[in-house]
Structures are given as structure tokens and as C-alpha cells.
Novice: 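Before anything else, here's the structure in question.
Along the sequence shown, residues are numbered consecutively beginning with 1. These numbers come from a predicted model, not from an experiment.
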Amino acid sequence: MPPKPKKSRGSSSRERDVKENEIDVESNSNSGYSDCEALLNEEESCANSSKGAASSQSSSYKITLPAKYFQFVHDQKSGRGFKVKCMLCHLNKTKYDKFGKPEYLSITNNSVYNARRHITGKHPTCLSDFNTLCKEKVAESQAGNDKRSKVKQTKLDNHIMNSSSPKFKQISSQEQLDEAILNHIIVDLLPFSEIEKEGFQELVGGLIGPLVLKSRRSMARLLSKKYELNKQILIAELENVEHVSTTADCWTSHRRSFLGMTAHWHGEGKNSKDIIRRSACLGVRRVYGSHTYDVLARAMADMHAEFKITSKVNCTITDNGSNFLKAFKMFSSKENEGRPPRGSSNVDNEEEVDDYLDDDDEEDDVVYVDIGEILDSHYNEARLSLEIEERNGATEQLPRSEKEGTLNATLNNEDSDSDSDNDICNIVAHIHLPRHFRCTCHSLNLIATTDVKNIDQRQFNKLKNNLDKKLSAIWNKQSRSSLASDYIKDKLGELFIIHNATRWNSYYNSLCKVNYFQSKKPEEFNAIMDHFKLKKLTVAEQEFLKEFIKIMKPIADALDVFQNEEKMSVGCVLPVLTVLKEKLVIFKDNRSVIHCVPLVNCLLEGVERRFSSLFTDTNMILAAISDPHFKLSWISEGEKSTAIDLLKKEVDRRLKMTCLGRLWDVSGTALCYLGIVVLPLENGKA
């Protein structure tokens, strides 16, 4: 007889499966549930159900059965179900089928129908208990599914261009497009002609859709509006600041002169309420004519007045240019004027200027003359000259009225000159500059360049000049010839570093690169010198190069520290200079230094001459000892008690100022704040 066909489940069975599909009983070993849930995880079911949408949908999760009645065995190969062992059938011993294999029950991933049918047919007395266990978990499983769905469910836009963590902001309006293009022009320092380039228009035009790419003039007008808006925002922010420090620099580029100024103050951060150092560019203005001291003084004063910080600026930092130093010498108030010691610098360099004179010296050089005597003598000289001309017949034909007119015109011209002088005096009277500080980086750079050039020692100068000539020859070859540059790159794998006079540490970095090639790739380096028919470095010159680099390294390290834009403060100056002096003293006592002994002495003298006044400046000492990074670590044991007394006096002074209405916080954090950024006041005046 042919085998009877298997009975297919009817529609009622399918409906029952769908209803039971919602039952998801979580496993809990402590409450009598098996640990099959850990094995039947979602990742395994998804990996095994990749044969279609239907199978993957049905295997998105697996049901769990009460451990009291069923125990998980293994997954089926199809991935749409699994095998379980009935604990009641296998209670005493393992039950086998007719093929000699253990008798297991097949369960689909999303239905308990087969398990319930087995309990109904084989163990009917346990059916009510089985249903009770399943129903107790229905509400809990549904609540768990809802919670997981809320946590795991993601929005559709999160799958577009990885917008869950967007790197770029999507442009959806004309205003956002204009802002993005303007920001592109500003950040990359591009001219407005970039907007009119064909490639830019094709790129942006293909991305913006219905939006409009505005013209060059429109973007220029938007830039002007944005500048005025940001300027007003900056002015409003600076109004709430009590102390501001500024920097100024003047330079020439493309046959045009400019003056740039920046401002620095303490305020809340944009993303937090922490007190941090804030900085902003006040402006870059054209300077017409010569960079004389009065022109720069007027430009700096106007910049301060424009942003309404004239009374708030406690100091301005510039380089050692003679025009800047004279501007502050002439227009800075006496009580705010920071003078180096007398006779501290005297180098015939335009970038380096004679030091400030003491008040006594200035008074000795002034000669007081009565202005009335000058005018009377000039009037008498003019009348006398006319009388002489009359006697000689030079003006015999002129009427008397014209003669008097000539005399009056002469006197009027002199009066106009005196009026113009008075106007200049009035202009000067309205220029007020704050206290001045010389840039520490520029002073160190002058030590490493100008002072070293002025070393008067024959053997040292001979070695250094010979070394410079040989290295300049190979540097010029690389800079002026593409063939030479390619040959050097092919031989050494990289090029020499070409130093720039306006870049600090560039000469030191250039020598370090040469020393690297000389020590690590000597054969290739000598081959290059032979190829270009240049003189090789002698043994003495190689030794000189190594000594020069070793001794100049502390100077280069100090410059790197001072050039840090985020962590640098006025409190770092004295500790760094102290460490620099200690390292140079070690070199002075080192007998292994043979060729560069004059260099060590020159650097020590330069540091002492240019920075000795800072070590006696009360403000600089307070700034350093109140900085939590340094405190008293840089001060010798004998001077620590003096520094502590100085800090106590400053705290007492500020407490008294608080009692007088000045709101100063004298907590430990505030002391650090006062020491690092805000320079202490002198006699209650900013």
C-alpha cells in the first residue's frame, strides 16, 4: 500500500500559529527556564536565515520554552527551527526512535504549537501547567519587546549618509548656502573671484538644486554685513570684560604695509561656563607712508578706541622694532611704562632699538627756550632783510603796500607753521598707549641671530663662516635648480630644510637636517657634494656643527614653548628663562665643548642683558608663582620666602580693594587667574 499522505495543517492551524507567534517567554535559570536563550541569540538566527525575506523575517527571533518541560539541543540546518528534548519523555532514560537516534521534537523559531501539541498528546495532565507558564510570560515578553523596539528602532534619516553622527551640516535653505560659501571664502583665505570660476560653479550648482548661487558682488556685501555683525558682538563682549591685553605687529606684503592687532581676555567658553582665555583679531589695517612711531601710535590708539577698550588694556606686546619702542616711549603714561634697565641693549640693528632713557637723562637733554624770543627775532630778521633789499634797489619799483604785504605774508606763513605745530601737539595729546612689553620670542630670536653674529672670536667666526658658505651652496643648488632638487631627493630620500630669516628656529632646523644626513647617510651626503663639485665638510666643521646644534637646542626648545598658542601665559616666562639659563650654565662648565665656548658665553650674556629686568618685575614674579604649573619650583631656596611675602602682600592689597568696592575673588583659583592673565594693578590704576 502506498504510504498515506501527510496531513497538512489547515487555516485554523496557521491562524493559531500567528496568534502564538506573539508568545516570547524569556529564559531565566533561577526561575526554572533553560539557558537556551543565550544560545538562540538573534545574531545566529539572522546568520542562518539568509535564504530569503520570508525566512529572515520568520527567524528574526526565537521563542524560548519552559525549562521544566523542554531543553534545547541544536538548531536545524534550514535555520527556521530547532530541536528540543522533552524532559518528561527523557525523565528516567534517553528515548530513541526507530533509527536509533535520540527522539527530539522539532520546534519552529516563532511558534510553540508543536510543543503544546506534544504536551497535549503525550502528557495531557501537564497541559494546564504548561499553558500557565507560557501565559505568565506573555505580558512580560510583550513589554520587553516594546522597550527593545523603542531603544533599537532608528529613524529613516539615520540611514542616509551615516547621519547618526553627521560630519557636515546639510544645506536646505538659501541662507545656509550663502553662509557656507562665505565661510569657504573666509576660512581658506580665497579671493571673491573663486565664486566666478567655472569649476566652482559646476560643483556647487550640481549640489544646491533649486537654490541660487549668488554673484561676487552679493557675496562681498554679505561679507561686509557679517563683519559689522561680528564686530558689534565682539564689542559687546569686551564691554563686560575688566582687563584686556593686546598684541600688535606691522609688516609689508606685496608692496603694501599692514598693522595687525589681537586681543586676549578671560571669559566663559562657548560650550561651557568654565573661565578660559579668549582671543580675537581686532583688525588688520593698511598703513600708508613710512612706519614711523607716530603713525603706529595713532593706529594702535584708534584700534583700541574703535573697540572701546582704551581704558581696559593693561598691556600691549610688540616686537623689538625701533618704531614700536619709540611709540610707547613717547605715548605711554609714565606709571604704566615698562622699562628695561638702563643700557641693557645697544645693537646697531633697525629691528633692535636703544633702550629707554631714564627721566633724569631726558630732562638733562631738554633745553627750554622762550617762544616769544624766537618770533621776535624772526620778525626782526624779516624786516631787516626787506630793508637791505630796498637799499640794494631790489625792491625800489614796488609800492609800499606790496612791501608790507610781502612782510605780512612771510609772517603769516610762520604763523601757519606754528598753528600746524600746535595741531600736531593736540593730536599727540590725545594718543594714549598702555604699558608695553617686548615679545619674548623675538628677544630670544635676536639673541640667536644678532648677538651670535656679533661674536668677536676669530676661530669661532672662521669655522661658522666656512660652514655657512658650504651649506649655503648646497641649499642654493636645491632651491634654484629642479634637477638638483630631484637628484638630492633621489639620493637622500628627502630634501634639505631651507631656512627663512623671518621664521624662528628655521636655521636651527636646517642645521639639524644637515647633521642628520652627515651622521646617518654620510656616503650619500658626500656623493651629493662631489656631484655638484662642492667642498666637503672638514672634521673640525662637523664637530662644530654638532656642538652648535647641542648648545642652541635649549634656545629652540624655549622658543617652541613660548610659541604655544593655548598653554602659554605670562606666568611661563620666568620659569622657562630660568631653566634656559641653567642649561646654558651646564654647557659653560662642560669641558667637552671645544669650538663653541664663545657661543655659550654669548647666549648667557644675551639672556642676562635682555631679560634681567623681568626677574625683578613684581608683576612677572607674581604671575609665575601663582601659576599652579610652576608655583615656587623655579625659585631658589633663598628667594622663596621673599616671593611668598610678595604674594601675601598682593592678596592683602586686593582684599583692601574689595572692601573699597572692587569685586575681586581672592580664592586659590582666582589667584591663579590674576597671576596668569590679569596683570596686577599699580596704585589702583589700570
Side-chain angles (χ1 to χ4, degrees), residues 226-249 259-285 299-318 328 331-333 335-338 431-437 439 564-573 619-620 622-623 626-628 650-651 653-686:
K226 185 174 183 178
Y227 168 76
E228 293 298 333
L229 176 62
N230 291 337
K231 180 180 177 181
Q232 295 303 321
I233 293 175
L234 179 58
I235 292 175
E237 184 172 359
L238 292 175
E239 287 181 354
N240 301 324
V241 178
E242 189 170 1
H243 294 282
V244 181
S245 63
T246 59
T247 65
D249 190 18
L259 175 71
M261 294 193 69
T262 62
H264 309 271
W265 69 97
H266 257 170
E268 294 183 356
K270 294 182 179 180
N271 300 325
S272 65
K273 293 185 178 181
D274 297 336
I275 300 299
I276 61 174
R277 182 172 60 194
R278 303 287 304 280
S279 301
C281 177
L282 298 181
V284 178
R285 305 295 165 79
M300 290 186 288
D302 290 345
M303 194 86 73
H304 290 161
E306 182 178 351
F307 287 87
K308 302 178 181 179
I309 58 174
T310 302
S311 60
K312 299 181 179 182
V313 179
N314 53 13
C315 71
T316 298
I317 302 174
T318 70
F328 284 94
F331 301 109
S332 179
S333 57
E335 60 270 15
N336 291 334
E337 188 174 309
I431 298 178
H432 299 285
L433 295 180
R435 183 179 183 180
H436 178 242
F437 276 96
C439 176
N564 192 301
E565 295 183 0
E566 297 179 357
K567 298 181 180 180
M568 178 58 193
S569 67
V570 68
C572 300
V573 175
N619 297 323
M620 301 296 292
L622 286 172
S626 59
D627 191 325
E650 182 64 20
V651 173
R653 188 172 73 89
R654 295 197 180 268
L655 284 173
K656 294 178 181 179
M657 292 174 60
T658 303
C659 298
L660 295 175
R662 302 296 299 273
L663 300 178
W664 290 92
D665 185 3
V666 292
S667 62
T669 304
L671 286 176
C672 174
Y673 164 76
L674 295 172
I676 295 177
V677 175
V678 180
L679 295 174
L681 304 180
E682 293 291 342
N683 300 325
K685 297 182 180 179

Novice: Measuring from atom CD1 of Ile317 to atom CE of Met261, what distance do you get when rounded to the nearest 0.5 angstrom?
Specialist: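 So the gap between those two atoms works out to 11.0 Å.
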Novice: Side-chain contact, heavy-atom cut-off 4.5 Å: Ser245 with Asn314?
Specialist: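 When only atoms from C-beta onward are counted, Asn314 and Ser245 do touch, with a gap below 4.5 Å.
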Novice: For Lys308, which residues count as a salt bridge (charged side-chain N to carboxylate O under 4.0 Å, His left out) partner, sequence neighbours excluded?
Specialist: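 With sequence neighbours excluded, Lys308 shows a salt bridge (charged side-chain N to carboxylate O under 4.0 Å, His left out) to no residue whatsoever.
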Novice: How far apart are the closest heavy atoms of Phe437 and Cys315, and which atoms are they?
Specialist: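 What the structure gives for the nearest pair is CD1-CB, 3.7 Å.
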Novice: What are the two closest heavy atoms between Ala280 and Leu234, and how far apart are they?
Specialist: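 The pair with the smallest heavy-atom distance is CB-CD1, 3.8 Å.
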Novice: Which atom pair, heavy atoms only, marks the closest approach of Ser626 to Ala623?
Specialist: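 Closest pair (atom of Ser626, atom of Ala623, distance): OG-O, 3.4 Å.
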Novice: Can you find a pair of side-chain heavy atoms, one from Val570 and one from Asp627, that are under 4.5 Å apart?
Specialist: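 Contact flag for Val570/Asp627 side chains = no.
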Novice: The criterion is side-chain hydrogen bond (donor to acceptor under 3.5 Å, both in side chains); which residues satisfy it with Thr262, sequence neighbours excluded?
Specialist: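 side-chain hydrogen bond (donor to acceptor under 3.5 Å, both in side chains) check on Thr262 returns Thr247, His264.
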Novice: Could you check if a side-chain atom of Ile309 sits within less than 4.5 angstrom of a side-chain atom of Trp265, using non-hydrogen atoms only?
Specialist: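 No; the side chains remain at least 4.5 Å from each other.
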Novice: Would a distance-only check, ignoring hydrogens and angles, find a side-chain to backbone donor-acceptor pair under 3.5 Å from Lys231 to Phe307?
Specialist: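 No, the answer is negative, given that no donor and acceptor are paired below the 3.5 Å cut-off.
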Novice: Residues in side-chain contact (heavy atoms from CB on, under 4.5 Å) with Ala299, at least two apart?
Specialist: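 side-chain contact (heavy atoms from CB on, under 4.5 Å) check on Ala299 returns Leu259.
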Novice: Do Arg435 and Val313 come close enough that some side-chain heavy atom pair is under 4.5 Å?
Specialist: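 The answer is no; the side chains never approach within 4.5 Å.
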Novice: Using the test side-chain hydrogen bond (donor to acceptor under 3.5 Å, both in side chains), find all partners of Arg278 that sit at least two apart in sequence or belong to another chain.
Specialist: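 In terms of side-chain hydrogen bond (donor to acceptor under 3.5 Å, both in side chains), with neighbours along the sequence ignored, Arg278 is linked to Glu237.
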Novice: Taking all non-hydrogen atoms of both residues into account, name the closest pair between Arg285 and Glu306 and its distance.
Specialist: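 Shortest heavy-atom contact: NH1-OE1, 2.9 Å.
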Novice: Taking all atoms of both residues into account, what is the closest heavy-atom pair of Gly283 and Met303, and its distance?
Specialist: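 Result for this residue pair: O-CE, 4.0 Å.
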Novice: Mind checking what makes side-chain hydrogen bond (donor to acceptor under 3.5 Å, both in side chains) contact with Thr246, not counting sequence neighbours?
Specialist: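 With neighbours one apart ignored, the set is His304, Thr316.
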Novice: Taking side-chain contact (heavy atoms from CB on, under 4.5 Å) as the definition, give me every residue that meets it alongside Asp302, ordered by chain and number, with sequence neighbours left out.
Specialist: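 Here the qualifying residues are Arg298.
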Novice: With distance as the sole criterion, is a donor-acceptor pair present between the side chains of Thr310 and His432 under 3.5 Å?
Specialist: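 No, no side-chain donor-acceptor pair sits under 3.5 Å.
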